[in-house]
**Q** 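The following block contains the structure, expressed as structure tokens.
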Amino acid sequence: MPLPSQPLRKLGFLTIGLFDQADPRKGHESTLEIIELGERLGFDSAWLRHRHLQYGISSPVAVLAAASQRTTRIELGTAVIPLGWENPLRLAEDLATVDILSGGRLNPGVSVGPPMHFDRVKGALYPDTADAEDFGHDRVARLLDFVRGAPATDFSGVEGFEVFSDRVQPHASGLGRRLWYGGGSLRSARWAGEHAMNLLTSSVVKAEESEDFAEVQLSHVRAFRARHPDGDRARVSQGLVVIPTDSATPEQRARYEAYATERTPRTAAPQGPARLMFAPDLVGTSAEIAERLYSHAAFREIDEVAFALPFTFEHADYVQILTDIATGLGPALGWQPSTVTQVTSDGR
């Protein structure tokens with residue numbers, strides 16, 4: 001097995017938080033329990049993904065507010081908030097509030113672009129301003145300014161019995177350094193670096209300079225750091241789907257392999273007009289997955305990951321996968337858990 005360039009420093013996981021439309025509480029509670037389990041296992045971070053007008057978490061910031069009161073150490077992130085659905089000023093207020101509640105543990109990740117199915121949703125989302133909305137990087141720049149303390153108005157002071165501020169309140173000191181950009185193109189990677197953000201490398205990238213996924217992702221990491229004030233010390237977190245099977249039952253292993261096999265054809269060549277490249281899902285023992293990661297060009301240049309949990313699996317599957325990542329795969333990659341608490345077979 002080839003040796004990594006450096007040990008894995010931070011280990012995180014990403015979940016989508018699905019639920020049954022007839023019983024949404026159960027799915028949200030499962031997500032919170034998974035985050036609590038992640039903290040007990042020593043994970044450094046837990047990340048939630050947005051799903052608008054679907055049966056997945058539509059408000060990760062609200063869910064992370066709840067998670068902040070049920071955990072004490074694990075960092076809490078979004079991967080990612082699609083800003084086309086958000087007002088940057090209002091989002092800045094929500095992010096700052098949750099960061100304060102969490103004791104400075106929030107790591108918001110964002111992305112740009114028009115909302116999915118925009119032509120069908122714009123009447124509900126932006127009934128009067130759809131044609132004037134800017135869904136590009138300027139929207140991120142506004143959020144950055146507000147989070148980092150730039151004025152949002154030219155008025156401050158006392159009016160009657162009320163005191164007004166010219167910047168977002170509460171102001172969460174340090175949050176501006178924990179903002180992440182989820183990018184899948186060279187242009188986005190460069191922009192994130194120029195604006196001193198952190199970079200979430202996606203499991204979906206544009207085939208611009210190569211049709212090899214690892215090479216494309218590596219080019220994004222290097223382009224980002226070349227433009228970032230911190231250079232090679234700029235933070236990059238890699239996102240891939242990994243499914244270790246060390247403690248899985250035969251039935252679980254069969255389902256996991258079938259899941260990956262069904263998704264494999266899309267990884268063979270660029271997809272669609274945007275020439276999107278999808279990363280293969282990594283299924284196998286911790287030792288097998290570690291060997292594949294060590295040979296991955298982009299992985300060898302980062303020391304943080306946020307491994308994605310597969311969609312549509314059961315709660316017990318996530319308990320098994322997270323436990324194997326923390327006890328098998330993480331140590332095989334040189335990672336040391338922050339804290340470890342005894343976890344029972346049901347994840348409690």
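Residue numbers run from 1 in the order of the sequence given. Only this structure's heavy atoms are used, side chains among them; waters, hydrogens and symmetry mates stay out.
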**Q** Other residues, nucleotides and ligands only: do more than 12 of their heavy atoms fall within 6.0 Å of CD on Q69?
**A**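 Counting neighbours around CD of Q69, more than 12 heavy atoms of other residues, nucleotides or ligands fall under 6.0 Å, so yes.
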**Q** Quick one: are F213 and T267 in side-chain contact, heavy atoms under 4.5 Å?
**A**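 No. Closest side-chain heavy atoms not under 4.5 Å.
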**Q** Do R178 and D99 have side-chain heavy atoms sitting under 4.5 Å apart?
**A**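 Yes, their side chains come closer than 4.5 Å.
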**Q** Determine whether L32 and L37 fall in the same hydrophobic cluster, where Ile, Leu, Val, Met, Phe, Trp and Tyr are linked whenever their side-chain heavy atoms lie under 4.5 Å apart.
**A**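 Yes, L32 and L37 fall within the same hydrophobic cluster.
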**Q** Are R70 and E29 within salt-bridge range, i.e. N to O under 4.0 Å?
**A** yes
**Q** We want to know whether S210 and E215 form a side-chain donor-acceptor pair, criterion being a heavy-atom distance below 3.5 angstrom.
**A**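 On atom types as modelled, these side chains qualify, holding a pair under 3.5 Å.
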**Q** Do you reckon L14 sits in the same ILVMFWY cluster as F307, going by side-chain contacts under 4.5 Å, direct or chained?
**A**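 In one cluster with L14: F307, no.
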**Q** Measure the shortest side-chain to side-chain distance between P115 and L125 over non-hydrogen atoms and say whether it is less than 4.5 angstrom.
**A** yes
**Q** Please determine if R90 and D94 form a salt bridge, counting it only when a charged side-chain N lies under 4.0 Å from a carboxylate O.
**A**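 A salt bridge links R90 with D94.
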**Q** Between R300 and S295, is there a donor-acceptor pair closer than 3.5 Å when you use the side chain of the first and the backbone of the second?
**A** no
**Q** Are S111 and I81 close enough that some pair of their side-chain heavy atoms sits under 4.5 Å apart?
**A**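 Heavy-atom side-chain distance check fails, nothing below 4.5 Å.
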**Q** Is it the case that more than 12 heavy atoms not belonging to R187 sit under 6.0 Å from its CZ atom?
**A** no
**Q** Please tell me whether F13 and Y318 form a close aromatic pair, meaning their ring centres lie under 6.0 Å apart.
**A**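 Between F13 and Y318, the centre distance exceeds or equals 6.0 Å.
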**Q** By the definition salt bridge (Lys or Arg N to Asp or Glu O under 4.0 Å), identify the one residue from E211, E208, E209 that meets it with R275.
**A**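 Exactly one option meets the salt bridge (Lys or Arg N to Asp or Glu O under 4.0 Å) with R275, and it is E211.
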**Q** If you group Ile, Leu, Val, Met, Phe, Trp and Tyr by side-chain heavy-atom gaps below 4.5 Å, do V80 and V63 land in one group?
**A**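 No, because V80 and V63 fall into different hydrophobic clusters, even though each may have its own neighbours under 4.5 Å.
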**Q** Near R253 CZ, under 6.0 Å, is it more than 12 heavy atoms from other residues, nucleotides or ligands?
**A** yes
**Q** Sub-3.5 Å donor-acceptor pair from the side chain of R51 to the main-chain atoms of I16, do we have one?
**A** no
**Q** Have R105 and T72 got a donor and an acceptor in their side chains that come within less than 3.5 Å?
**A**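 T72 and R105 do not have a side-chain donor-acceptor pair below 3.5 Å.
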**Q** Compute the centroid of each ring, for H171 and then for F146, and state whether the two points are separated by less than 6.0 Å.
**A** no
**Q** Under the side-chain contact (heavy atoms from CB on, under 4.5 Å) test against I302, which residue among R9, H296, Q238 passes?
**A** Q238
**Q** Using side-chain heavy atoms (C-beta onward) and a distance below 4.5 Å, is V140 in contact with M197?
**A** yes
**Q** Regarding R263 and D281, does a basic nitrogen lie under 4.0 Å from an acidic carboxylate oxygen?
**A**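 A salt bridge is present here (some side-chain N lies under 4.0 Å from a carboxylate O).
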**Q** I want to check something: taking the side chain as every heavy atom from C-beta on, are L175 and P108 in contact at a cut-off of under 4.5 Å?
**A** yes
**Q** Check the side chains of D324 and S247 for a donor-acceptor pair under 3.5 angstrom, ignoring hydrogens and angles.
**A** yes
**Q** What pairs of residues pass the side-chain hydrogen bond (donor to acceptor under 3.5 Å, both in side chains) test when at least one of them lies in residues 15-27, not counting sequence neighbours?
**A** Q21-Y55
**Q** Going hydrophobic residue to hydrophobic residue with side-chain gaps under 4.5 angstrom, can you get from V242 over to V283?
**A** yes
**Q** Flag the pair K10 / R235 as yes when at least one side-chain heavy-atom distance between them is below 4.5 Å, and no otherwise.
**A** yes
**Q** Classify the side-chain pair T261/T264 by whether it contains a donor and acceptor separated by less than 3.5 Å.
**A** no
**Q** Can you confirm whether Y256 sits close enough to T245 that some side-chain heavy atom of one is under 4.5 Å from a side-chain heavy atom of the other?
**A** yes
**Q** Between H220 and F224, does the ring centroid distance fall short of 6.0 Å?
**A** no
**Q** Does one side chain, of S286 or D246, offer a donor that lies under 3.5 Å from an acceptor on the other?
**A** yes
**Q** Are there more than 12 heavy atoms of other residues, nucleotides or ligands under 6.0 Å from atom CD of E251?
**A** yes
**Q** Could you verify whether a donor N or O on one side chain and an acceptor N or O on the other, from W47 and N107, lie under 3.5 Å apart?
**A** no
**Q** Is the distance between the ring centroids of F311 and Y259 under 6.0 Å?
**A**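 Not under 6.0 Å, so no.
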**Q** Quick check: are there more than 12 heavy atoms from other residues, nucleotides or ligands sitting under 6.0 Å from CD of E314?
**A** no
**Q** State plainly whether one hydrophobic cluster holds both F43 and L293, where clusters connect Ile, Leu, Val, Met, Phe, Trp and Tyr through side-chain heavy atoms under 4.5 angstrom apart.
**A**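 Yes, because F43 and L293 connect within a single hydrophobic cluster, where side-chain heavy atoms sit under 4.5 Å apart.
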**Q** Would you check if there is a donor-acceptor pair between the side chains of H52 and S58 at a distance under 3.5 Å?
**A**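 Short answer, no.
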